[in-house]
Number of protein chains: 2
Amino acid sequence: MATGRTHRPATRSRGIPEATVARLPLYLRALTALSERSVPTVSSEELAAAAGVNSAKLRKDFSYLGSYGTRGVGYDVEYLVYQISRELGLTQDWPVVIVGIGNLGAALANYGGFASRGFRVAALIDADPAMAGKPVAGIPVQHTDELESIIRDNGVSIGVIATPAGAAQQVCDRLVAAGVTSILNFAPTVLSVPDGVDVRKVDLSIELQILAFHEQRKAGEEAAAGVAAQAAGTTAVPAAAREESSATDQGPDGDVPAVMPA
Amino acid sequence: MATGRTHRPATRSRGIPEATVARLPLYLRALTALSERSVPTVSSEELAAAAGVNSAKLRKDFSYLGSYGTRGVGYDVEYLVYQISRELGLTQDWPVVIVGIGNLGAALANYGGFASRGFRVAALIDADPAMAGKPVAGIPVQHTDELESIIRDNGVSIGVIATPAGAAQQVCDRLVAAGVTSILNFAPTVLSVPDGVDVRKVDLSIELQILAFHEQRKAGEEAAAGVAAQAAGTTAVPAAAREESSATDQGPDGDVPAVMPA
DNA sequence: CCATCTTTGTGCACGCGTTCACAAAGACAT
DNA sequence: ATGTCTTTGTGAACGCGTGCACAAAGATGG
């Protein structure tokens with residue numbers, strides 16, 4: 001997962017645990033796929049496999065929503081799609097603004113997964129005057145000056161921040177002041193917001209760092225196991241097992257293109 | 001947080017809890033900022049505030065790494081930066097490939113947060129022959145056919161999947177077969193991988209859905225509170241409180257650009 | 001109508017993560 | 001050297017989330 005919610009003392013909203021809420025979209029996606037294949041019913045076991053979770057967990061999750069299953073049969077796909085959609089609030093229209101139309105903002109504007117789930121990109125906003133009017137994903141970019149009026153005129157309550165880190169807090173403050181109460185933050189900064197405003201953070205670099213940690217651990221263990229196996233006469237696969245080395249490490253096989261990104 | 005790890009029965013890698021590992025990059029970022037401002041030492045209280053966490057939690061997190069603080073003074077910023085970097089494996093070079101150079105892939109290739117933390121974009125890979133050779137972020141895109149040789153020649157162990165959902169599993173299988181053992185998946189699919197391969201998922205749409213859930217709850221509570229307050233003669237702010245409506249909902253104030261993304 | 005079989009819904013136990021609160025440790029002044 | 005003051009490091013308690021395992025519920029066949 002990208003990174004999660006920004007501190008909230010485990011508020012159990014309307015009795016539904018936070019962990020369950022986070023999994024509902026997963027179930028919804030799996031169910032939608034089944035629905036498209038016209039599958040009428042599905043067991044907790046099958047659905048759990050499709051969503052990549054434990055079946056007991058899935059049943060417990062659904063039990064928070066109510067008793068929507070039929071024992072001996074399973075769950076009615078269409079009915080469950082509707083119930084989860086309603087629970088997540090996806091049966092209504094959510095106008096969303098995206099602030100910061102750089103590479104990432106453009107990617108978000110083009111992302112198809114929004115429209116299909118009740119999210120409507122109401123406006124794209126950027127601070128660069130040269131961007132103003134230029135269409136991205138078929139929507140003309142508007143200047144930051146109009147942020148407040150856009151929010152109010154469209155009744156926007158969800159904002160997406162895809163600006164550089166330096167601008168994020170400022171943009172956030174303006175969004176909140178204009179009435180936005182939920183923010184999805186892609187900028188690598190800790191946003192401070194008043195009570196009652198939800199912030200979720202997605203941080204690409206953090207995810208990679210977590211992977212690197214486990215990767216390093218695997219390499220270490222593998223190296224150790226390799227030595228042990230070697231001593232025993234077995235051949236282990238050292239693959240990418242290389243120890244901590246100098247900064248100009250070239251990898252095991254040399255011959256590296258070595259092109260640096262910006 | 002975007003969505004988290006894909007099932008792992010709470011493996012405590014080398015005694016460091018998973019939850020702590022996920023916060024280390026956060027601390028590292030705050031510490032780097034302090035380092036750039038030439039701040040020599042920092043207390044757990046200050047650093048916790050900067051990282052947006054509880055100070056007790058931060059101290060406990062650090063205690064898993066060792067006793068790097070000085071009582072009565074705090075932590076040495078430079079030293080802690082080094083220790084955390086080492087723990088996360090960021091003192092070594094991690095070649096990374098990005099597969100799927102659409103809007104998102106390009107955004108990732110341009111993302112500056114990678115290079116500064118030991119990650120090097122070794123190659124950009126796309127299935128579209130028309131993309132081949134075209135430079136993105138200064139790196140020429142290569143065709144999928146070369147995936148295996150790129151992985152092997154560069155000793156790549158971390159892959160980023162930014163393809164459409166339909167291609168993700170196939171790409172994943174090829175990455176794994178070629179030797180990749182850690183995958184960051186941006187495609188909205190559950191990937192199945194053999195044991196020993198780590199997968200982390202970032203799902204933009206899921207994050208928004210979780211926000212929508214809380215937003216809906218807030219609107220509901222607000223409406224209820226509003227009614228109560230109204231009965232008492234007070235005026236509450238109903239802001240974006242509108243109930244479930246038809247699919248072609250235009251928002252409360254009409255006048256919506258109403259352009260749909262792909 | 002009864003028996004059997006499948007699958008749900010959940011009580012319970014366990015473990016991880018969080019937080020409190022405090023003793024130990026060191027800096028610093030006298 | 002001694003006392004005071006600050007801040008760390010951690011023992012202990014608590015709460016949430018997970019997974020097991022089973023009873024209840026309904027379908028299905030005879």
Side-chain angles (χ1 to χ4, degrees), chain A residues 1 3-24 26-27 31 39-77 79-80 83-84 210, chain B residues 1 3-24 26-27 31 39-77 79-80 83-84 210:
Chain A
M1 107 184 69
T3 40
R5 52 173 40 276
T6 314
H7 76 91
R8 156 185 299 243
T11 310
R12 192 181 291 203
S13 325
R14 189 189 141 189
I16 302 181
E18 195 51 38
T20 295
V21 172
R23 279 188 295 268
L24 290 182
L26 225 58
Y27 302 144
L31 285 165
V39 178
T41 60
V42 65
S43 71
S44 64
E45 204 72 47
E46 294 167 321
L47 185 54
V53 302
N54 182 301
S55 73
K57 195 188 295 187
L58 179 142
R59 287 199 299 277
K60 180 148 288 190
D61 282 343
F62 285 174
S63 78
Y64 293 115
L65 308 182
S67 286
Y68 295 147
T70 307
R71 297 176 190 228
V73 177
Y75 299 91
D76 182 282
V77 171
Y79 186 58
L80 203 48
Q83 289 299 342
I84 295 180
I210 297 172
Chain B
M1 105 185 72
T3 40
R5 53 172 39 278
T6 313
H7 77 88
R8 159 185 297 245
T11 309
R12 192 180 291 202
S13 325
R14 190 190 138 190
I16 300 182
E18 197 49 40
T20 295
V21 172
R23 280 189 294 269
L24 290 181
L26 224 57
Y27 302 143
L31 285 165
V39 177
T41 61
V42 65
S43 71
S44 63
E45 204 73 47
E46 293 167 322
L47 185 56
V53 302
N54 182 301
S55 73
K57 195 188 296 189
L58 178 141
R59 286 199 299 277
K60 179 143 288 192
D61 283 343
F62 285 174
S63 79
Y64 293 114
L65 308 183
S67 287
Y68 294 148
T70 307
R71 298 176 191 229
V73 176
Y75 299 91
D76 182 282
V77 171
Y79 187 57
L80 204 47
Q83 288 299 343
I84 295 180
I210 297 172

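Chain identifiers are assigned alphabetically (A, B, ...) following the order of the sequence lines, protein sequences preceding nucleic acid strands; residue numbering begins at 1 within each chain.
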Legend entry - Set of side-chain hydrogen bond (donor to acceptor under 3.5 Å, both in side chains) partners for A/Ser43, sequence neighbours left out: A/Glu46
Set out, line by line, the N/O atom pairs under 3.5 Å between protein and nucleotides 27-29 of chain D.
none

Inset, instruction - Ignoring backbone atoms, establish whether B/Arg23 has a side-chain N or O less than 4.0 Å from OP1 or OP2 of C/dT18. - result: yes
Inset, instruction - Look at A/Asn54 and D/dG17 and indicate whether a side-chain polar atom (N or O) is within less than 4.0 Å of OP1 or OP2. - result: no
Legend entry - Gap between atoms CG and P, on A/Leu58 and C/dT7 respectively (whole Å): 14 Å
Inset, instruction - Might you point out which heavy atoms bring A/Tyr27 and A/Ile84 nearest each other, and give the distance in Å? - result: CB-CD1, 4.1 Å
Legend entry - For A/Tyr75, all residues meeting ring pair (Phe, Tyr, Trp, His ring centres under 6.0 Å), sequence neighbours excluded: A/Phe62
Legend entry - Nucleotide nearest A/Glu18 (side chain, heavy atoms from C-beta), chosen from D/dG17, D/dG9, D/dA21: D/dG17
Inset, instruction - Find the distance A/Tyr68:OH to C/dT8:C1' and express it as a whole number of Å. - result: 15 Å
Inset, instruction - Mind checking side chain to side chain contact (heavy atoms under 4.5 Å, CB included) for B/Ala48 and listing every partner two or more places apart, or none if nothing turns up? - result: B/Val53, B/Ser55, B/Leu58
Legend entry - Base of D/dT18 paired with side chain of A/Lys60 (donor-acceptor, under 3.5 Å): no
Inset, instruction - Tell me, please, which residues at least two apart from A/Tyr79 pass side chain to side chain contact (heavy atoms under 4.5 Å, CB included). - result: A/Tyr68, A/Asp76, A/Gln83
Inset, instruction - Pick base, sugar-phosphate or nothing for B/Tyr75, based on heavy-atom distances below 4.0 Å to the nucleic acid. - result: sugar-phosphate
Legend entry - Atom of B/Val42, atom of B/Leu47 and distance for their closest heavy-atom approach: CG2-N, 3.7 Å
Legend entry - Spacing between B/Asp76 atom CG and D/dT8 atom C1', to the nearest angstrom: 15 Å
Inset, instruction - Take the protein atom CG of A/Asp61 and the nucleotide atom P of D/dC16, then report the distance between them rounded to whole Å. - result: 16 Å
Legend entry - Residues that B/Ser63 engages under side chain to side chain contact (heavy atoms under 4.5 Å, CB included), provided they are two or more places apart: B/Lys60
Inset, instruction - Enumerate the residues from residues 41-51 of chain A whose closest heavy atom to DNA chain D is under 4.0 Å, giving them by residue number; use none for an empty result. - result: none
Inset, instruction - Name all pairs fulfilling the salt bridge (charged side-chain N to carboxylate O under 4.0 Å, His left out) condition that reach into residues 61-73 of chain A, sequence neighbours left out, sorted by first residue then second. - result: A/Arg23-A/Asp61
Inset, instruction - Would you kindly give the CZ-to-C1' distance between A/Phe62 and C/dT10, to the nearest whole Å? - result: 16 Å
Inset, instruction - Starting at atom CZ of A/Arg59, determine the distance to atom P of C/dT6, rounded to an integer number of angstrom. - result: 15 Å
Inset, instruction - Using whole Å, report how far NZ of B/Lys57 lies from P of D/dG9. - result: 18 Å
Inset, instruction - Using a 4.5 Å cut-off on heavy atoms from C-beta on, say whether the side chain of A/Thr41 contacts that of A/Thr70. - result: no
Inset, instruction - Just compare C/dT18, C/dC20, D/dT18 and give me whichever is closest to any side-chain atom of A/Ala19. - result: D/dT18
